[in-house]
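The block underneath contains the structure these notes are about, expressed in structure tokens.
Throughout, a chain's letter reflects where its sequence line sits, starting with A, and its residues are numbered from 1. These numbers come from the heavy atoms of this one structure, side chains and all, not from hydrogens, waters or symmetry mates.
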Number of protein chains: 2
Amino acid sequence: MITLTEENYIKAIYHLGSNGEKSVNTNAIASVMQTKASSVTDMVKKLSEKKYANYKKYQGVTLTEEGRYVAINIIRKHRLWEVFLVEKLNFSWDEVHEVAEHLEHIKSEKLINELDAFLEFPTYDPHGDPIPNKEGKFKHVEKIVLAKAEVGDTYKCVGVDDTSSNFLKYLDGNKIGLGTIITIKHKEPYDNSIKLALENTEIVVSQNVAKNLYLKKV
Amino acid sequence: MITLTEENYIKAIYHLGSNGEKSVNTNAIASVMQTKASSVTDMVKKLSEKKYANYKKYQGVTLTEEGRYVAINIIRKHRLWEVFLVEKLNFSWDEVHEVAEHLEHIKSEKLINELDAFLEFPTYDPHGDPIPNKEGKFKHVEKIVLAKAEVGDTYKCVGVDDTSSNFLKYLDGNKIGLGTIITIKHKEPYDNSIKLALENTEIVVSQNVAKNLYLKKV
DNA sequence: AATAAAGTTTAGATTAGTCTAAAAATATTT
DNA sequence: AAATATTTTTAGACTAATCTAAACTTTATT
Ligand SMILES: [Mn+2]
Ligand SMILES: [Mn+2]
Ligand SMILES: [Mn+2]
Ligand SMILES: [Mn+2]
């Protein structure tokens with residue numbers, strides 16, 4: 001049996017290690033889990049005993065094949081529920097993450113596969129993140145962060161890094177969403193703010209925004 | 001904050017006390033919670049401290065107004081999720097209870113009210129149990145248990161008490177479901193078995209079945 | 001009314017997950 | 001290379017929920 005807490009740690013390690021590739025250190029996990037380093041050490045030992053992670057003292061932690069499988073499965077559930085909430089229950093993209101954090105732990109193969117079918121096998125969630133299929137496979141999304149976009153080029157908005165309600169509402173307020181076409185007008189070296197052209201308007205966004213918005217060249 | 005375990009105890013007390021009316025004793029709770037009497041005593045003290053229950057040593061326990069509110073809310077969620085699983089995700093009535101036991105603990109007002117609307121405000125769940133509305137109100141279902149039905153009378157099947165997969169599959173196998181019309185042919189005093197007439201067939205059911213099937217006179 | 005049986009509570013342990021404070025290891029700076 | 005700072009681990013304690021075994025109340029039977 002795997003506990004809810006173990007699942008959350010595994011998910012955190014997966015995301016922090018860039019989808020399970022790199023070794024993740026204790027403080028980083030403590031930070032995203034909103035807990036103390038000492039608690040992380042204890043849990044990481046347990047995950048290691050249970051064969052979900054590889055861990056050597058002071059050397060950081062990586063996921064095993066099995067740990068990665070668990071992580072991808074939770075992410076699949078999380079993102080499918082997010083689609084459900086937006087498509088069927090009138091949630092906006094800034095409201096879904098919190099509820100999906102809970103729904104992702106419901107354990108039923110049939111439930112999630114039927115939900116997948118009911119939603120007609122979506123491949124992206126409301127934030128532009130890819131949804132793993134039943135076998136855990138998903139396409140890598142080709143994208144660059146707005147901060148690295150080049151002046152004069154035109155892009156399509158394909159995702160966000162920050163899924164906080166505050167950030168997403170800010171984007172709503174500025175008429176930016178998935179699919180929005182954006183041309184880079186100017187990058188201000190002083191504070192790394194960026195001037196963008198949207199369909200009808202021009203706006204200036206801060207470095208914070210520029211670091212959390214993903215684009216694809218068109 | 002109310003924990004998942006507290007919610008389950010409150011629900012058990014509600015059901016055992018015939019919807020929160022009668023006082024419930026320790027062993028009864030232990031039995032449905034699959035735990036020991038000593039654990040129940042501890043929890044019941046905690047529920048009492050938290051104002052969800054009234055408890056005096058050796059005198060059993062009842063729910064407070066607030067406890068009853070919590071119970072009804074969980075039951076509302078449980079039954080709405082059961083409807084969702086059957087209506088939208090191709091679950092059969094014997095598969096839903098277990099998953100609903102988990103889904104009922106997801107805490108989001110918006111989620112459950114939108115789900116209710118999405119399902120077009122159903123009033124009964126797949127087992128014939130009434131679904132409380134947003135205000136916690138629901139109709140009392142007029143029903144008698146098959147064991148008390150009278151020979152010669154004709155009834156409609158309106159519910160089940162046991163929602164175990166085994167029992168529900170048994171009913172499926174014998175072509176009995178909600179809405180099925182049943183005439184009582186004979187009650188056997190020796191073992192309390194009952195002979196029923198269905199649409200095309202006659203079958204004999206055991207006392208166990210007779211105690212778990214609810215009917216309404218037509 | 002006394003005794004036995006059944007039901008309930010208390011006392012003391014256990015496990016998962018967390019914390020603080022101190023010790024140990026690693027990384028960085030001088 | 002030594003000193004300092006940062007990171008990580010250990011040790012010991014706490015809470016929620018559980019258990020067993022013993023003590024206590026209530027109920028049933030003689
Ligand atoms: Mn999310
Ligand atoms: Mn998402
Ligand atoms: Mn149920
Ligand atoms: Mn039901």
Side-chain angles (χ1 to χ4, degrees), chain A residues 1-14 16-17 22-63 66-67 70-71 74 101-102 104-107, chain B residues 1-18 22-63 66-67 70-71 74 101-102 104-107:
Chain A
M1 254 310 300
I2 188 164
T3 69
L4 186 147
T5 312
E6 286 165 359
E7 287 190 343
N8 281 331
Y9 272 93
I10 289 171
K11 190 174 56 143
I13 295 166
Y14 181 87
L16 284 168
K22 290 185 297 187
S23 173
V24 179
N25 43 278
T26 306
N27 273 345
I29 298 170
S31 166
V32 311
M33 292 297 294
Q34 308 229 71
T35 183
K36 301 290 152 153
S38 54
S39 306
V40 173
T41 301
D42 284 349
M43 179 53 78
V44 150
K45 281 180 185 170
K46 201 171 75 154
L47 293 178
S48 180
E49 269 163 31
K50 288 193 169 188
K51 308 288 184 206
Y52 295 120
N54 307 113
Y55 166 68
K56 284 208 197 76
K57 270 191 197 182
Y58 298 101
Q59 306 302 141
V61 61
T62 58
L63 292 180
E66 196 177 341
V70 169
I74 298 168
E101 283 294 305
H102 298 285
E104 71 186 7
H105 299 289
I106 302 288
K107 286 170 188 66
Chain B
M1 253 308 304
I2 188 164
T3 69
L4 186 147
T5 313
E6 286 165 0
E7 287 190 343
N8 282 331
Y9 273 93
I10 289 171
K11 190 174 54 141
I13 295 166
Y14 181 86
H15 280 133
L16 284 167
S18 312
K22 290 186 297 188
S23 172
V24 178
N25 43 276
T26 305
N27 273 346
I29 299 170
S31 166
V32 311
M33 293 296 294
Q34 308 229 69
T35 185
K36 302 290 151 150
S38 54
S39 306
V40 173
T41 301
D42 284 348
M43 178 55 76
V44 150
K45 282 180 185 169
K46 200 169 75 152
L47 293 178
S48 180
E49 270 163 31
K50 288 192 170 190
K51 308 288 184 206
Y52 296 120
N54 307 113
Y55 165 70
K56 285 211 196 72
K57 271 192 198 182
Y58 298 101
Q59 306 301 141
V61 62
T62 57
L63 292 180
E66 195 178 341
V70 169
I74 298 167
E101 284 294 305
H102 298 285
E104 72 186 7
H105 299 289
I106 302 288
K107 285 170 190 65

Specify the separation, in whole Å, of atom [atom1] of [X] and atom [atom2] of [N].
X	N	atom1	atom2	value
Lys56(B)	dC24(D)	NZ	P	23 Å
Lys50(B)	dT15(D)	NZ	P	14 Å
Lys36(A)	dA13(D)	NZ	C1'	16 Å
Leu4(B)	dT15(D)	CG	P	21 Å
Met43(A)	dT10(D)	CE	C1'	17 Å

**Message:** Taking 4.0 Å as the cut-off, does a side-chain nitrogen or oxygen of Tyr9(B) come that near to OP1 or OP2 on dA16(D)?
**Reply:** no
Heavy-atom check, side chain of [X] versus side chain of [Y], under 4.5 Å:
X	Y	answer
Val40(A)	Tyr9(A)	yes
Asn8(B)	Glu104(B)	yes
Tyr55(A)	Leu47(A)	no
Val44(A)	Thr26(A)	no

**Prompt:** Base, sugar-phosphate, or nothing for Ser39(B), non-hydrogen atoms under 4.0 angstrom?
**Reply:** base
**Prompt:** Taking N and O atoms by type only, does the side chain of Ser38(B) place a donor or acceptor under 3.5 Å from a partner on the base of dT20(D)?
**Reply:** yes
**Per-nucleotide protein contact string for nucleotides 3-8 of chain D, where B marks a base within reach and S marks sugar-phosphate only (heavy atoms under 4.0 Å, - for neither)** = ----SB
**Request:** Measure from the side chain of Lys45(A), starting at C-beta and using heavy atoms only, and say which of dT10(C), dT10(D), dT18(C) lies closest.
**Result:** dT10(D)
**Message:** For Ile2(B) and Tyr52(B): C-alpha separation, side-chain torsions, deciding distance, then whether side-chain contact (heavy atoms from CB on, under 4.5 Å) applies.
**Reply:** CA-CA 10 Å; Ile2(B) 188 164; Tyr52(B) 296 120; 3.7 Å; yes
